[in-house]
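Below you'll find the structure, written out as structure tokens, and then a few comments.
Letters A, B, ... are given to chains in the order of the sequence lines, protein chains preceding strands, and every chain is numbered from 1.
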Amino acid sequence: MTEQTAPSKFEQQRREKLDKIRQFDLDPYGDRIDGVQPAATVKAAFVDDAEGQTARCAGRIVLHRDIGKLIFITLRDSSGTIQLGLSKKILEGQWDFIKLVELGDIVVADGQLGKTKTGEITIWVESITLLSKALLPPPEKFHGLSDVDMRYRMRYVDLWANPEVMARFQQRSAMTASIRRFLCEKGFLEVETPMMQTIAGGAAARPFITHHNTLDIDLFLRIAPELFLKRLLVGGMEKVFEINRNFRNEGLSTRHNPEFTMMELYQAYADYNVMMDLTEELVCHLIERHCASQTLSFGELSIDYSRPWRRARYADLLKEYGQCDMDDMASVRKRAQELGINDVNKDDAVVVNEVFEATVEAHLINPTFVIDYPAAICPLTRQSKKDPRFAERFELFVGAMELANAYTELNDPVVQEANFRRQLRGQRDDETMAKMDEDFITALKYGMPPAGGLGVGIDRLIMLLTDATSIRDVILFPLLKPLSAKQEQET
RNA sequence: GGGUGAGUAGCUCAGUCGGUAGAGCAACGGCCUUUUAAGCCGUAGGUCUUGGGUUCGAGUCCCAACUCACUCACCA
């Protein structure tokens, strides 16, 4: 995989062809081409039997059938494929060059459109130009690249060797564009807040640390934009959202990448009930627009997104699936021990939540809003006025995966400051580097309107809507251990 | 970090009870003007991840290391 070794025999053969092409006085790395049409558009616009239709398509040669004096090429561009037919009779003068064109090369071709006798729409090529000579051979034409590690490392091959990969990332782009349009049409303002922060707040996660040389200070890559977006509420932006990366220095899994895309939004004068309606509307809007059905498969699961979605209280779900009662901590601790959870020296709220995660979450397949979390685990959320033991917070679970998290924002600076201090006392030194964000408290003291806030994990949303069971399949370049590190470890 | 599975030709994969390494695609040389993963004939291609061990003999069995996947743990 490293290029320090001598070129493979395949590369040597291709370099020899490249030299031959240069001997024809042709440049194997061509220039700008105007008027290129997408393959899918050309095929869709083709009128059967009509004379004189021409097309210009460019792309990569993914199949190559040489029948002697006739060559059929399947050209792939980002829209799909189209067949080129090259006849020696038409291209007599270029034939020696054409015989050197091979799998993996990128070409542009012009010609008359027609159909072969098997009905395939074909460009009968009158001129063909090499735009980029491939020095490395493509992977196996039928199975493509299937080694998972290699696919992620060589996404530039994966994208054209496995068309469903291209399709999924095109879907992702279309879906995020729809999210932006949906929110903008509702009057939300898209903003960008710092990715590098002097205090990494808004969530409980270990941050990445970096350093600014001129200021000689350590900075943290953000773990959440929350505290900055709320400052914008104080500033008078009543509806704001941001779609951007968060960075968390935690483990990797099929559901966790160290950098991931989060959409957070805040709406003044709203609460978590408004956020629930909005979340449901947003996701269903995406499904209606981009998916074939309201029931989507996700790996082995089948998920029904039809509205309304289930809304269930945290405490009730704990009774239903966890067989214990939050009001009876003895029963919860007993259950924790049965589950093998170490509950020694842990707060009641923490033990409850561990039992919840162990027993409830796996059952939440169809979209389910889990509402009214224990206030003790929600330092940024307003407590319920009816029952202060609970916070006005929901998490949305789909496919047993946490997809969204929202709450009625806490806007009382005194309570907020007390919550921060309690949180700092409870943290273990090795876990976080959390510091009190005094400036955020100051902001709240100027008055933040009551508001609802929502965070949606965009990668996970795309996973669910495109049936990708690994987050690495919806991130173009997921974090991988570098190959150089591998080699160093081996020596 | 724990558990399970995997690592064989450029790619996708076989390899039986431990007995001299196989196919398809790609490549190379031929033939072929309507193919659809084109076809036919021929050629070449291997430190079986690495290092030990058992054995007359190891791709195969044992041990260790490395890498990957899944999974658990960690993870608002």
Legend entry - Any N/O donor-acceptor pair, A:Q83 side-chain to B:U35 base, under 3.5 Å: yes

Taking only N/O atoms, report every protein-nucleotides 42-45 of chain B pair under 3.5 Å with atom names and distance.
unit_1 : atom_1 : unit_2 : atom_2 : d
B:G45  : O2'    : A:K9   : NZ     : 2.5

Inset, instruction - Indicate, with a heavy-atom threshold strictly under 4.0 Å, whether A:P379 touches base, sugar-phosphate, or nothing. - result: base

Inset, instruction - Using a 4.0 Å heavy-atom cut-off across all strands, classify A:K115 as base, sugar-phosphate, or nothing. - result: nothing

Inset, instruction - Determine which nucleotide pairs with B:U33, using a 3.5 Å limit on both distances of a Watson-Crick or G-U wobble pair. - result: none

Legend entry - Distance, C1' atom - from B:U54 to B:C68, rounded to whole angstrom: 29 Å

Inset, instruction - Name the pairing partner of B:G22, where a pair is Watson-Crick or G-U wobble with both distances under 3.5 Å, or state none. - result: B:C13

Legend entry - Atom pair CG (A:D437) and NZ (A:K230), whose distance is rounded to the nearest 0.5 Å: 11.0 Å

Inset, instruction - For nucleotides B:G46 and B:G22, find the distance between their C1' atoms and express it as a whole number of Å. - result: 11 Å

Inset, instruction - Check every strand shown and say whether A:S253 touches a base, only sugar-phosphate, or nothing at a heavy-atom separation below 4.0 Å. - result: nothing

Legend entry - C1' spacing across the pair B:G57 / B:U20, given as an integer number of angstrom: 10 Å

Inset, instruction - With sequence neighbours excluded, give me every ring pair (Phe, Tyr, Trp, His ring centres under 6.0 Å) pair touching residues 57-81 of chain A. - result: A:F72-A:W124

Inset, instruction - Using a 4.0 Å heavy-atom cut-off across all strands, classify A:K117 as base, sugar-phosphate, or nothing. - result: base

Inset, instruction - Remember a base hit wins even if backbone is also touched, and classify A:R151 as base, sugar-phosphate or nothing at under 4.0 Å, heavy atoms. - result: nothing

Check nucleotides 47-49 of chain B for protein N or O atoms closer than 3.5 Å to its own N or O atoms and list the pairs.
none

Legend entry - Gap in Å between the two C1' atoms, one belonging to B:G5 and one to B:A44, rounded: 35 Å

Inset, instruction - Looking at every strand, decide which applies to A:I67 at a 4.0 Å heavy-atom threshold: base, sugar-phosphate, or nothing. - result: base

Legend entry - B:A23 and B:G42, which share atom name P, separated by this distance in whole Å: 12 Å

Inset, instruction - With a 3.5 angstrom cut-off on both distances, give the Watson-Crick or G-U wobble partner of B:G5, or none if there isn't one. - result: B:C68

Inset, instruction - Would you indicate, yes or no, if B:C28 has its OP1 or OP2 atom less than 4.0 angstrom from a side-chain nitrogen or oxygen of A:K17? - result: yes

Legend entry - B:A21 versus B:U8 - spacing of their C1' atoms, nearest Å: 9 Å

Dump the pairs, protein N or O against N or O of nucleotides 12-15 of chain B, anything under 3.5 Å, distances to one decimal.
unit_1 : atom_1 : unit_2 : atom_2 : d
B:U12  : OP1    : A:S146 : N      : 3.2
B:U12  : OP1    : A:S146 : OG     : 3.4
B:U12  : OP1    : A:D147 : N      : 3.2
B:U12  : O3'    : A:S146 : OG     : 3.2

Legend entry - Phosphate OP1/OP2 of B:A38: any A:K141 side-chain N/O under 4.0 Å: yes

Legend entry - Rounded interatomic separation in angstrom, taking CZ from A:F10 and C1' from B:A27: 5 Å

Quick one: which protein N/O atoms are closer than 3.5 Å to N/O atoms of nucleotides 3-7 of chain B? Pair and distance per line, please.
none

Legend entry - d(CD, A:Q12; C1', B:G10) in whole Å: 13 Å

Legend entry - Residues A:E16 and A:K20 bridged, charged N to O under 4.0 Å: no

Inset, instruction - Could you tell me which residues satisfy ring pair (Phe, Tyr, Trp, His ring centres under 6.0 Å) with A:Y407, sequence neighbours excluded, listed by chain and number? - result: none

Legend entry - Distance between C1' atoms of B:C17 and B:C75 (Å, rounded): 48 Å

Inset, instruction - Identify the nucleotide, in any strand shown, that forms a Watson-Crick or G-U wobble pair with B:U43, with both distances under 3.5 Å; if there is none, say none. - result: B:A27

Legend entry - Geometric cation-pi criterion, A:R76 with A:W160: 6.0 Å, 45°: no

Inset, instruction - Assign each of A:H64 and A:L103 to its nearest nucleotide of RNA chain B by heavy atoms, then name whichever residue's nucleotide is nearer the 5' end. - result: A:L103

